[in-house]
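Heads up: the structure comes next, in structure tokens.
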Amino acid sequence: MELSTIKDAFERVVKKQKLCSSRSQEVIDLVGREIEQALTRLLSAHDPTSPVDYRSILAELKLKLNGIGPIHLLEGSHKELNGNLSKYTKFLEKSLNPDISKAYRDVDFDHHIENQLIANHFYRQGSFDLGDGIIDEAGEPESTILKSQFVVMHQILEAMKVKNLEPALNWVSANREKLNQSGSNLELKLHSLQFLEILKKGTQADALKYARTCLAPFASPASPHKEEVLKLMGCLLYPGRLDSSPYSEFTSPTHWEKSMEDLTRQFCSLLGQSYNSPLSMTIAAGLEGLPTLLKLANVMAAKKQEWQAMKQLPVPVELGKEFQFHSIFVCPVSRDQSSEENPPMLMPCLHVLCKQSILKLTKSSTRTFKCPYCPAEASAAQCRQLYF
């Protein structure tokens, strides 16, 4: 959804609000000064050498305030601001269509999968009571294995928040082989953090002993992490004062945050789960595609056509790369998406069409046809299925 116009309209309202506030303050200051001057003259009545006429002072103040007309000035600026706010509200209602039910399609869901998806989302977030509540209310069998694993993950993360790396290191040690197969350097990150904590709170000798025991395997000539470990060893020159040393970058809290994120990613990967919650990804993808679907619904309604029963949308719904988990081929001839029944076929000229398009072009398995994109000719038998 294009939000630049909404942002511009909002900035105009903000500018008007600042102008209104400035004008109001000027009026308040002006009225305040007149009242203070009148008050000063009234207080001088205690001086017998300069008698004061109270009535004349108050009458003069009244005339000055009426001349300023503060109520009229304030009403004018606030009326202008309220007009702009009203226009902005109408603009928002027009731009951000609140009735998203137009994009709704009555699709059959597997409610068991749906309930498990929601419950596992809460387990993943560490909201175990909410997850249990969903399972109980839906009457679903409890997924004790997945829940127990997420309990372990959050216990490790909570310990890391207070700089306790022992649970994380124990988990990494127990899963070292699998982590190495995936090319993870999580173990090095955790040992580096522990080394730095020892150097900040302990002695140089303790840090050196820990490095020889836990970091030495990562400093071998064949290790790709040798340079990183050697740089860490430079920290030994500044025990207790790393924050003011040339190696102060190692003390940044972002290293802890990135390590916690990496641990979560690796933990989910070993569970066969994605790093991002499937529920949150589904909602995010839906929100990104919603403007296109709303526009389609409005166009179809204007043409008095029903799009709810369509098996395929007449327009593409573009999503970001973060929502693309596998390649999808759409035939450039028929515009149909490939499937098991209609797989993509590679022609000898290296152009790709769907199987049904090739069969329609050949009319038979022996007849040759001309490629729609180059002068080459081929037969259906010469085309090779790519996947499925």
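These numbers come from the heavy atoms of this one structure, side chains and all, not from hydrogens, waters or symmetry mates.
- In terms of the side chain to side chain contact (heavy atoms under 4.5 Å, CB included) criterion, residue partners of Phe10 (sequence neighbours excluded) are, by chain and number, Val14, Tyr88.
- Rounding to the nearest 0.5 Å places NZ of Lys147 at 5.0 Å from OH of Tyr123.
- Lys370 and Pro375 get closest at one heavy-atom pair: CE-CA, 4.0 Å.
- Residue Ala380 comes nearest to Thr362 through the heavy atom pair N-CG2, 4.0 Å, listed as atom of the first residue, atom of the second, then distance.
- Gln204 places a side-chain N or O within 3.5 Å of a backbone atom of Leu236 that can act as its donor or acceptor partner.
- Without hydrogens or angle criteria, His78 side chain to Leu74 main chain gives a donor-acceptor distance under 3.5 Å.
- Both Val333 and Met347 are part of a single hydrophobic cluster, where members link through side-chain heavy atoms under 4.5 Å apart.
- Here the straight-line distance linking atom CG of Leu186 with atom CZ of Arg176 works out to 11.5 Å at 0.5 Å rounding.
- Within a 6.0 Å radius of CD in Glu166, no more than 12 heavy atoms belonging to other residues, nucleotides or ligands are found.
- The ring pair (Phe, Tyr, Trp, His ring centres under 6.0 Å) analysis of residues 243-270, with sequence neighbours excluded, yields the pairs Trp171-Phe267.
- Under a cut-off of 6.0 angstrom, the local environment of CD in Glu177 is sparse, with at most 12 non-hydrogen atoms contributed by other residues, nucleotides or ligands.
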Mind listing the side-chain donor-acceptor pairs of residues 268-276 below 3.5 Å, one per line with the distance, residues two or more places apart or on another chain?
residue, atom, partner, partner atom, Å
Gln273, OE1, Arg124, NH2, 3.4
Ser274, OG, Asn276, O, 2.6

Donor-acceptor pairs under 3.5 angstrom involving side-chain atoms of residues 16-28: please list them, not counting sequence neighbours.
residue, atom, partner, partner atom, Å
Lys16, NZ, Glu80, OE2, 2.9
Ser24, OG, Cys20, O, 2.9
Gln25, NE2, Asp29, OD1, 3.0

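- Using modelled atom types, no side-chain atom of Asn342 and backbone atom of Ser338 make a donor-acceptor pair closer than 3.5 Å.
- The side chain to side chain contact (heavy atoms under 4.5 Å, CB included) check on Gln37 picks up Glu34, Lys64, with sequence neighbours excluded.
- A salt bridge between Lys355 and Glu341 is absent, with no side-chain N of the basic residue lying under 4.0 Å from a carboxylate O of the acidic one.
- A donor-acceptor pair under 3.5 Å links the side-chain atoms of His154 to the main chain of Gly126, judged by distance alone.
- When all heavy atoms are compared, the tightest approach of Glu318 to Glu288 is O-OE2, 4.0 Å.
- Using a cut-off of 4.0 Å between Lys/Arg side-chain N and Asp/Glu carboxylate O, Glu249 and Lys231 are scored as salt-bridged.
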For this session: Output, in order, the C-alpha distance, side-chain angles, deciding distance and verdict of side chain to side chain donor-acceptor pair (under 3.5 Å) for Thr203 and Asp206.
Result: CA-CA 5 Å; Thr203 64; Asp206 292 335; 3.0 Å; yes
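- Partners of Ala285 under the side chain to side chain contact (heavy atoms under 4.5 Å, CB included) rule, at least two apart in sequence or in another chain, are Leu319, Phe323.
- None of Leu242, Leu208, Thr251 except one satisfies the side-chain contact (heavy atoms from CB on, under 4.5 Å) rule with Leu199; the exception is Leu242.
- The environment of Ile71 atom CD1 is sparse: at most 12 non-hydrogen atoms of other residues, nucleotides or ligands sit within 6.0 angstrom.
- Between Val317 and Leu293, the closest heavy-atom pair is CG2-CD2, 4.2 Å.
- When the side chains of ILVMFWY residues are joined at heavy-atom separations under 4.5 Å, either directly or via intervening members, Leu73 and Leu81 end up in two distinct hydrophobic clusters.
- Under the 4.5 Å side-chain heavy-atom criterion for ILVMFWY residues, a single connected hydrophobic cluster contains both Tyr238 and Tyr210.
- Closest heavy-atom contact between Ala219 and Lys226: O-CG, 3.8 Å.
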Problem set entry | Stepwise salt bridge (Lys or Arg N to Asp or Glu O under 4.0 Å) test for Arg265 and Glu261 | CA-CA 6 Å; Arg265 190 181 301 276; Glu261 181 182 328; 3.3 Å; yes
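- Few gaps surround NZ on Lys189; more than 12 heavy atoms of other groups in view lie less than 6.0 Å from it.
- Judged purely by atom type and a 3.5 angstrom limit, Asn180 has no side-chain atom pairing as donor or acceptor with the backbone of Ser182.
- A salt bridge links Lys200 with Glu197: the distance from a Lys NZ or Arg NE/NH1/NH2 to an Asp or Glu carboxylate oxygen falls below 4.0 Å.
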